[in-house]
Amino acid sequence: MELAYIPSPSSGVLYLGPVPLRGYAFCIIIGVFVAVWLGNKRWIARGGRAGTVADIAVWAVPFGLVGGRLYHVITDYQLYFSEGRDWVDAFKIWEGGLGIWGAIALGALGAWIGCRRRGIPLPAYADAIAPGIALAQAIGRWGNWFNQELYGRATDLPWAVEITSSSDGRMPGTYHPTFLYESLWCIGVALLVIWADRRFTLGHGRAFALYVAGYCTGRFWIEYMRVDEAHHILGLRLNNWTALLVFLLAVLYIVLSARKRPGREAVVEPGATDGDGAAADGKKTAGDKTDGKTDGDAAGTAGASDEDAKPDAATDTDGPETPEKPGKPGKLEKPEKSGEPEPAEEPEESKDGAGSAKKG
């Protein structure tokens, strides 16, 4: 008898009157909102406009949902097209079944379309939303808990998840909660990308590539624990091979990108600086400082002009002008007193004597 375990909900659907509220869909929607919110904050910090991330997400999210569903249906076609199955179920996305690999691939295509319409480089946008995508996955994985799916091998650990449904080949019991493992791993990947981006100033898509590599590392061992039906190649599940291949591509991109385009983009959204109020205020403040300096210089110049004008005013008298002494321009000699004879020059000997006395 298990002393502790994670209970599964008896139903993944709540009804608000005739309207069904599905837990899986709620987790996906909440994850999208978190990704857009965090991506917007990071985009603004990089120099972009507020709202740009949401505008591009209008393209990326629908493409991502379609891509995720296509990947799941193609790789697990037997669930929808084998004998006794209804192919219409392939369109019931609320019942679960989104492949992250297809979601990222087609989501990137949608983001590229949105970025191209705004004149924004896709790698810069991907770097901004990378941690948000990881958090969206962390939240979205709880949709599997509502649907009682994607669990691991049987276990009696205290954090095992209890499966009560017996439909679609399930067997009631307690199993490894792989949805929980992946959720916690994605949170760790988001924190890793945020830290590495601040520490190493990642740019040109390298923060996104780090997210991909980090996710693939965790997905490999989590996928190995799962017991749901899947195709195998050389003893490994298909998603294990996909995770390994994508991991190698992400690492290769980081290495080559760092060599070819080191550093980070200086401008991520053309014209964002001119349109931002903060930037305009900064320019205005700088202009105020310049104007102040100019006014000070003008005042100084005016003051200097007044000072220069004073000697002219002083010389503009009724008396005769007195010539300046040679070698000392700008100083005026005292006018000679009229009627007084000039003192006779002292003999040279007196001068020398006086000079000798002063020296002594």
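Residues Arg259 and Val255 meet the side-chain proximity criterion, which asks for heavy atoms closer than 4.5 Å. By the 4.5 Å heavy-atom criterion applied to side chains, Leu135 and Leu38 are counted as neighbours. A heavy-atom distance below 4.5 Å is found between the side chains of Glu229 and Gln78. Two residues are said to be in side-chain contact when any heavy atoms from C-beta on lie closer than 4.5 Å; Leu244 and Cys216 fail this criterion. Between Thr52 and Ile120, some side-chain heavy-atom pair lies under the 4.5 Å cut-off. Gln137 places a side-chain heavy atom less than 4.5 Å from the side chain of Ile100. Proximity of Leu157 to Thr174: side-chain heavy atoms (C-beta onward) are nowhere separated by under 4.5 Å. Thr164 is not listed as a side-chain neighbour of Pro172, based on a closest heavy-atom distance of 4.5 Å or more.
With Trp59 contributing its side chain and Gly107 its backbone, the two residues share no donor-acceptor pair below 3.5 Å. With hydrogens and angles ignored, the 3.5 Å screen pairs a side-chain donor or acceptor of Ser8 with a backbone N or O of Glu162.
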Pair Glu149-Arg170, side chain to side chain contact (heavy atoms under 4.5 Å, CB included): steps then yes or no: CA-CA 9 Å; Glu149 59 185 0; Arg170 299 183 182 93; 4.2 Å; yes
If you apply the rule side chain to side chain contact (heavy atoms under 4.5 Å, CB included), what do you find for Trp101 with Arg219, and how did you get there? CA-CA 11 Å; Trp101 317 112; Arg219 180 61 184 267; 3.9 Å; yes
The test is ring-ring contact (aromatic ring centres under 6.0 Å, His included); show your working for Phe179 and Trp142 and say whether it passes. CA-CA 7 Å; Phe179 75 90; Trp142 284 89; 5.0 Å; yes
Kindly indicate, with the supporting measurements, whether the criterion ring-ring contact (aromatic ring centres under 6.0 Å, His included) is fulfilled by Phe200 and Trp195. CA-CA 9 Å; Phe200 302 105; Trp195 170 82; 5.7 Å; yes
Check step by step if side chain to side chain contact (heavy atoms under 4.5 Å, CB included) holds for Ile44 and Val53. CA-CA 9 Å; Ile44 294 174; Val53 169; over 6 Å; no
As a quick check of understanding, evaluate ring-ring contact (aromatic ring centres under 6.0 Å, His included) for Tyr77 and His231, giving each step before the final call. CA-CA 10 Å; Tyr77 61 88; His231 297 287; 5.5 Å; yes
Show, in sequence, the C-alpha distance, side-chain angles and deciding distance for Arg42 and Asp197, and conclude whether the side chain to side chain contact (heavy atoms under 4.5 Å, CB included) test is met. CA-CA 11 Å; Arg42 288 172 53 82; Asp197 194 25; 2.8 Å; yes
Please report the C-alpha distance between Glu265 and Arg46 in whole Å, then the side-chain angles of each, then the deciding distance to 0.1 Å, and finally whether the salt bridge (Lys or Arg N to Asp or Glu O under 4.0 Å) criterion is met. CA-CA 9 Å; Glu265 299 91 341; Arg46 290 283 300 273; 2.7 Å; yes
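When the shell of 6.0 Å around OH of Tyr181 is examined, it contains more than 12 heavy atoms from other residues, nucleotides or ligands. The environment of CZ in Arg261 is crowded: more than 12 heavy-atom neighbours from other residues, nucleotides or ligands sit within 6.0 Å. Atom CH2 of Trp87 sits in a sparse spot, with 12 or fewer heavy atoms from other residues, nucleotides or ligands closer than 6.0 Å. Heavy atoms from other residues, nucleotides or ligands lying under 6.0 Å from CZ of Phe81 number more than 12.
One hydrophobic cluster, built from ILVMFWY side chains closer than 4.5 Å, cannot hold both Leu245 and Leu252; they sit in different ones. Both Val66 and Leu109 sit in one connected hydrophobic cluster of ILVMFWY residues. Membership requires side-chain heavy atoms under 4.5 Å apart, directly or through other members. Under a hydrophobic clustering in which Ile, Leu, Val, Met, Phe, Trp and Tyr are joined whenever their side-chain heavy atoms come within less than 4.5 Å, directly or via other members, Ile30 and Leu65 fall into different clusters. Under the 4.5 Å side-chain heavy-atom criterion for Ile, Leu, Val, Met, Phe, Trp and Tyr, Ile222 and Ile139 are members of distinct hydrophobic clusters. By the criterion of side-chain heavy atoms lying less than 4.5 angstrom apart, applied directly or through intervening Ile, Leu, Val, Met, Phe, Trp or Tyr residues, Val193 is grouped together with Val268 in one hydrophobic cluster.
The aromatic rings of Tyr151 and Tyr175 are tilted relative to each other, their planes meeting at an angle between 30° and 60°.
In summary, the side chains of Tyr211 and Asp127 do not present any donor paired with an acceptor at a separation below 3.5 Å, with no hydrogens or angles considered. Using modelled atom types and a 3.5 Å distance limit, the side chains of Arg264 and Thr201 yield no donor-acceptor pair. With 3.5 Å as the limit, one finds a donor-acceptor pair spanning the side chains of Arg141 and Asn144.
Going from atom OH of Tyr215 over to atom CH2 of Trp185 covers 11.5 Å, rounded to the nearest 0.5 Å. In this structure, CD1 in Ile113 is found 11.0 Å from CG in Leu122, a value given to the nearest 0.5 Å. Ile254 CD1 to Arg206 CZ: the interatomic distance, rounded to the nearest 0.5 Å, is 9.0 Å. Here the CG-CZ distance, from Asp55 to Arg49, works out to 10.5 Å after rounding to the nearest 0.5 Å. If you take CG on Asn239 and CD1 on Ile233, they are separated by 10.0 Å, rounding to the nearest 0.5 Å. Atom CG of Asn240 and atom CH2 of Trp221 lie 12.5 Å apart (nearest 0.5 Å).
A salt bridge links Asp228 with Arg237: at least one charged nitrogen is closer than 4.0 Å to a carboxylate oxygen.
Minimum interatomic distance between Cys186 and Ala134 (heavy atoms only, all atoms of both residues): CB-O, 3.3 Å. The two atoms that bring Ala136 and Gly31 nearest to each other are CB-O, 3.2 Å, heavy atoms only. Shortest non-hydrogen contact noted between His176 and Thr155 is N-CG2, 3.5 Å. The minimum heavy-atom distance between His204 and Tyr253, with the atom names listed, is O-OH, 2.5 Å. Contact detail for Ala250 and Ala209: the closest heavy-atom pair is CB-O, 3.6 Å. Contact between Leu106 and Gly67 at its shortest, heavy atoms only, is CD1-CA, 3.3 Å.
Separation of the His72 and Tyr80 ring centroids falls under the 6.0 Å cut-off.
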